[in-house]
Amino acid sequence: MIETLLANELSNAVEALYGQQLSTDTFQIQKTRPEFEGDLTVVVFPLLRISRKAPEPTANEIGGYMVEHSAEVESFNVIKGFLNLLIADAYYLRFYHEKHADMAFGFQPEKDEPPVVIEYSSPNTNKPLHLGHIRNNLLGWSVAEILKANGKKVAKVNLVNDRGIHICKSMLAWQKWGKGKTPEGTGKKGDKLVGDYYVLFDKEYKKEVAKLIGQGMPKDEATHQAPLLLEAKAMLKKWETGDQEVRALWKKMNAWVYSGFDKTYARLGIDFDKTYYESDTYLLGKALVEEGLKKGVLFKKDDGSVWCDLKDEGLDEKLLLRGDGTSVYMTQDLGTAQLRYTDYKPQKLMYVVGNEQIYHFDVLKRILKKLGRNWADDILHLSYGMVELPEGKMKSREGKVVDADDLMEEMARTAKKTSDELGKFDDFTPEESRNLYEMIGLGALKYFMLKVDPKKTMMFNPAESIDFNGNTGPFIQYTHARIQSVLRKAKAEGLVFNEQKMPAFSLHKKEKALLKMLHNFPQVVQLAGDTFSPAQLANFSFELSKEYNQFYHELSILKEPDENKKFFRLGLSDFTARTLGSAMGLLGIRLPERM
RNA sequence: GGUCCGGUAGCUCAGUUGGAUAGAGCAGCAGCCUUCUAAGCUGCGGGCCGCGGGUUCGAAUCCCGCCCGGAUCACCA
């Protein structure tokens, strides 16, 4: 990496000039802003106390030394306190020569370390996946891939919330009003069918509540006493005692949901190494609670409920077991965390879960610490912001959601419409074009969701999000297709451009700009990994695409008379295309050969 | 009320962890297809970086206070 190289040489320069040794990280080296001449800029202000001179003379002295002693530095200029260094073309050409055919460019080989376990998706089985899940799934999957690219071993896990009162609501409604309907019979996706009954339950339940209030019952009481709710609760009790009929219905309806989820995941391109089911794990936390009581870090109240006192840590008391001995969400999560730790002995336990659960994970870690689980420090809640619609928040109980399947379908449809309008690829088979619309539609959607900093609340405006111009996935896909078009033509002419000797000519500024960006890719991958931010790769890909399009516009490739340059530009194009493929691949976005 | 997160162009968002005159895209306006794909390229306009103090050579970035928006503080998950 050129920055570390220069830092060493700068350190030598300062020692030679001012007789003091400075550690290399005291040098601030940054990209030169485009309005100035140069490639990299050293900020000299921090060096003034050592040079005991004004900024300009200091910069001039150091610049002079660097030109003299550094093979990479060709010339320099000084503007105010900034020392702009011009890096020799030879440096970038050598970088090109060494890396342009490296298939693993930017990626670290897998390190022999414990894995990172990353949980994402975590759906409930009472309703279909929606826009919020899409952000979660894309984020979790992408972060997992980014960590792999940084040499981490990764286990992607899903925790399916397949039991509880919400599932019973769907079950009850189906039992009462479903008339035996099935996905097969109705042609409806299983998760959608089950979701319909969840919505129906809520509707009927609200009617009952309204009626009770009308009869003079206080609202608070009515919401708790509505017969439907009591029935659902009774059903949950039966489920817990293993009632055969309830269990059978539960299995049947969950199976419908899973087949629906599988289709959604497949279309989204999301996968998991392991799936946990809450019905298997929801009792696990109780053993930990017992342990905590024995150790005296938990306490029991008069009604038999068990609590963890976190008041000395500035938090409140947290319930872990109800008076009747049943567990709550936190109890289960304690258990699954322990299970996962035992399963993997991971270096990090990550949870991709919305920011409304920040407090929950804070408490989770603290309780585990109290129980003596020091690995709790390795738990990392990757919280992300909500997705909002122009009309406000989504309400799944009322069926006011952007459905995941519908959204993907609409994106693909729009891709088709746009392609038709542009009159592209009339020679494609129906199969080929369908494939392409899918690639573009999903590319647009994924890019849109991932280009935003995960922790920020994001606005999803259906009308604008479907844009395929500018800072979008399709723009990058288009750039890739454009490159492939050139490469196809080169291939048709029988040109072999990947086995060239080290090029030795001076670079055009657009060539150099491209090489500089490519040179930076490994650091972007690393930064994305350190900050768990796919957005870094999205931004990089966009900048790289823009840069390539300018290069493409300004310079001719196949018509370049100098064969060395022609081959170089072909190789550079290929290098760019592959790097775009790597970057977008980490976001789960595929790039087409043509579009 | 306590805690956490956010506030940057009309809109959606970047801003490399303190550096130069704060950037993109969309939207608007004006150009560029006889030339490797115009889903592209070029140009123009658009800003009290929520407000006020502080830290220093230098602040959108760090600290303090305030304003606005969101989340959370359940015997829900």
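A, B, ... follow the sequence lines: proteins, then strands. Residue 1 opens every chain.
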Quiz prompt | NZ or CZ of A:Arg163 within 45° of A:Tyr282 ring axis and under 6.0 Å | solution = yes

Quiz item: So A:Tyr351 and A:Phe361, would you call those rings parallel, tilted or perpendicular, with 30° and 60° as cut-offs?
Solution: tilted

Quiz item: So what does A:Glu554 touch, heavy atoms closer than 4.0 Å: a base, only the sugar-phosphate, or nothing?
Solution: nothing

Exercise. Please list, by residue number, the residues of residues 566-576 of chain A whose heavy atoms come closer than 4.0 Å to an atom of RNA chain B; answer none if no residue qualifies.
Key: none

Self-check item: Sugar-phosphate, base or nothing in reach of A:Ser383, heavy atoms under 4.0 Å
Solution: nothing

Practice problem: Look at all strands and tell whether A:Phe475 reaches a base, only sugar-phosphate, or nothing, counting heavy atoms closer than 4.0 Å. | Solution: sugar-phosphate

Quiz item: Are any of A:Arg482's side-chain N or O atoms less than 4.0 Å away from OP1 or OP2 of B:A38?
Solution: yes

Exercise. Would you please confirm or rule out a distance under 4.0 Å between OP1 or OP2 of B:G19 and any side-chain N or O of A:Arg33?
Key: no

Quiz item: Starting at CE of A:Met459 and ending at P of B:G70, how long is that distance when rounded to a whole Å?
Solution: 12 Å

Exercise. Indicate, with a heavy-atom threshold strictly under 4.0 Å, whether A:Leu83 touches base, sugar-phosphate, or nothing.
Key: nothing

Quiz prompt | B:C75 base / A:Asp303 side chain donor-acceptor hit below 3.5 Å | solution = yes

Quiz item: Hey, does A:Asn84 reach any base, or is it just sugar-phosphate, or nothing, if we go heavy atoms under 4.0 Å?
Solution: base

Quiz item: More 5' along RNA chain B: A:Phe36 or A:Thr472, using each one's nearest nucleotide?
Solution: A:Phe36

Exercise. Establish whether the base of B:A39 is bridged to the side chain of A:Ser419 by a donor-acceptor pair shorter than 3.5 Å.
Key: yes

Practice problem: Side chain of A:Lys456 only, please: which of B:A38, B:U8, B:U35 is the nearest? | Solution: B:U8

Quiz item: Any donor-acceptor pair under 3.5 Å between the side chain of A:Thr479 and the base of B:A39?
Solution: no

Practice problem: Considering just the side-chain nitrogens and oxygens of A:Lys489, establish if one lies under 4.0 Å of OP1 or OP2 belonging to B:U37. | Solution: yes

Quiz item: If only side-chain N and O atoms of A:Gln550 are considered, is one of them under 4.0 Å from the OP1 or OP2 phosphate oxygen of B:U42?
Solution: yes

Quiz item: Is A:Lys301 salt-bridged to A:Glu317, going by a charged N under 4.0 Å from an acidic O?
Solution: yes

Quiz item: Got a donor-acceptor pair under 3.5 Å from the side chain of A:Asp467 to the base of B:A39?
Solution: no

Quiz item: Rounded to the nearest Å, what distance is computed from the CE atom of residue A:Met595 to the P atom of nucleotide B:A38?
Solution: 12 Å

Quiz item: Counting just side-chain N and O atoms, does A:Asn469 come under 4.0 Å of either OP1 or OP2 of B:G40?
Solution: yes

Quiz item: To the side chain of A:Thr531, which of B:U72, B:A20, B:U17 is closest?
Solution: B:U17

Quiz item: Does a side-chain N or O from A:Lys301 land closer than 4.0 Å to OP1 or OP2 of B:C75, or not?
Solution: no

